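None of these values were measured; they are calculated from a predicted model. Residue numbers begin at 1 in each chain, while the letters A, B, ... track the order of the sequences. Both backbone and side-chain heavy atoms feed into the values below; hydrogens, waters and symmetry mates do not.
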Amino acid sequence: AQSVTQLDSQVPVFEEAPVELRCNYSSSVSVYLFWYVQYPNQGLQLLLKYLSGSTLVESINGFEAEFNKSQTSFHLRKPSVHISDTAEYFCAVTTGWGKLQFGAGTQVVVTP
Amino acid sequence: DTGVSQDPRHKITKRGQNVTFRCDPISEHNRLYWYRQTLGQGPEFLTYFQNEAQLEKSRLLSDRFSAERPKGSFSTLEIQRTEQGDSAMYLCASSLVRAPSSYEQYFGPGTRLTVT
């Protein structure tokens with residue numbers, strides 16, 4: 001079985017400041033890792049994913065995440081946030097085509 | 001719009017009533033998943049289908065819950081004798097199993113259930 005821990009339930013951040021959202025996982029087998037974003041009253045949208053290869057993955061809107069196998073982490077970062085980045089962010093893992101195991105989420109609140 | 005759709009978006013029901021939700025996946029996707037999300041928590045897996053076959057069910061899916069995907073296209077999730085603890089957002093997702101794999105699941109907007 002896998003588990004996902006998101007270490008921060010809420011992260012307040014000022015506009016144009018950097019942000020890091022922490023995600024740790026545990027699994028006895030290899031996993032694939034994802035970050036999803038959820039805006040109010042909407043479903044989840046994929047932000048980025050790690051399947052294999054380069055441990056640093058990037059999204060089109062400036063987010064990046066680094067897979068660290070030794071520390072079993074997949075932290076999400078953005079060097080400069082916008083007001084529109086206010087949302088809830090979920091880290092998730094899967095061993096393949098089955099279920100996703102999600103963390104509890106991190107609420108990012110960006111203020112001017 | 002060719003994304004995953006869910007109907008209704010909101011449902012308010014009285015305790016003890018039955019409710020049914022519908023999910024229409026992306027048309028060529030052969031896998032369909034149901035998740036439940038309660039306030040302040042991440043989505044929790046309920047069940048998934050490959051075409052019309054239900055391949056896995058979570059322990060969260062009690063006897064009062066039943067899901068179907070009769071023709072391998074849309075799916076329904078029924079809750080019988082609803083309880084207040086069933087109040088949650090019910091999310092549907094779909095994916096296309098193929099090689100090479102991306103393992104990505106595409107989510108619908110969800111159905112928010114409130115049991116009074």
Side-chain angles (χ1 to χ4, degrees), chain A residues 1-10 21-25 27 29-53 57 59-60 67 74 76 87-109, chain B residues 1 3-10 21 23-26 29-51 53-61 89-112:
Chain A
Q2 302 83 45
S3 68
V4 179
T5 302
Q6 291 186 243
L7 298 167
D8 305 293
S9 59
Q10 188 171 55
L21 309 183
R22 296 177 291 171
C23 172
N24 287 90
Y25 69 93
S27 177
V29 299
S30 296
V31 295
Y32 306 99
L33 297 144
F34 302 83
W35 276 99
Y36 281 84
V37 59
Q38 187 176 35
Y39 299 101
N41 300 314
Q42 294 187 25
L44 280 72
Q45 301 174 28
L46 180 69
L47 196 56
L48 43 74
K49 62 192 175 201
Y50 172 78
L51 304 180
S52 64
V57 290
S59 72
I60 58 173
F67 170 59
F74 190 51
L76 180 71
E88 189 147 24
Y89 294 79
F90 293 95
C91 182
V93 303
T94 183
T95 57
W97 282 112
K99 62 187 176 185
L100 285 167
Q101 180 74 43
F102 285 89
T106 298
Q107 179 68 45
V108 173
V109 180
Chain B
D1 186 7
V4 178
S5 62
Q6 293 186 245
D7 183 68
R9 294 290 306 276
H10 303 274
F21 309 140
C23 171
D24 287 88
I26 294 172
H29 283 189
N30 48 14
R31 283 217 174 174
L32 186 148
Y33 308 80
W34 285 99
Y35 294 85
R36 183 175 71 183
Q37 184 179 19
T38 53
L39 200 62
Q41 298 297 317
E44 297 172 293
F45 170 77
L46 292 178
T47 187
Y48 81 89
F49 294 83
Q50 168 113 353
N51 300 315
Q54 189 171 20
L55 296 187
E56 185 176 350
K57 293 193 293 186
S58 161
R59 290 174 300 171
L60 293 174
L61 214 66
M89 175 78 86
Y90 290 84
L91 295 166
C92 176
S94 69
S95 63
L96 177 62
V97 178
R98 63 180 174 187
S101 304
S102 69
Y103 304 109
E104 180 175 344
Q105 295 183 20
Y106 296 80
F107 283 81
T111 294
R112 182 169 295 283

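Annotation: A:Y36 is in aromatic contact with B:F107 [ring centroid separation under 6.0 Å].
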Might you work through the side chain to side chain contact (heavy atoms under 4.5 Å, CB included) test for B:L60 and B:R36, ending with a clear yes or no? CA-CA 9 Å; B:L60 293 174; B:R36 183 175 71 183; 3.8 Å; yes
Does B:Q105 form a side-chain hydrogen bond (donor to acceptor under 3.5 Å, both in side chains) with B:Y35? I'd like the steps, not just the answer. CA-CA 12 Å; B:Q105 295 183 20; B:Y35 294 85; 2.8 Å; yes
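A donor-acceptor contact under 3.5 angstrom links the side chains of B:S95 and B:Y33, judged on distance only. Side chain to side chain, A:Q6 and A:T106 meet the donor-acceptor criterion of an N or O pair below 3.5 Å.
Only the side chain of B:E56 comes within contact range of chain A, with heavy atoms under 4.5 Å apart. Using a 4.5 Å cut-off between heavy atoms, B:E44 makes no contact with chain A at all. A:Q45 does not touch chain B: none of its heavy atoms, backbone or side chain, sits under 4.5 Å away. Both the backbone and the side chain of A:K99 come within less than 4.5 Å of a heavy atom in chain B.
In terms of heavy-atom pairs under 4.5 angstrom with chain A, the leader among B:G42, B:P109, B:P43 is B:P43.
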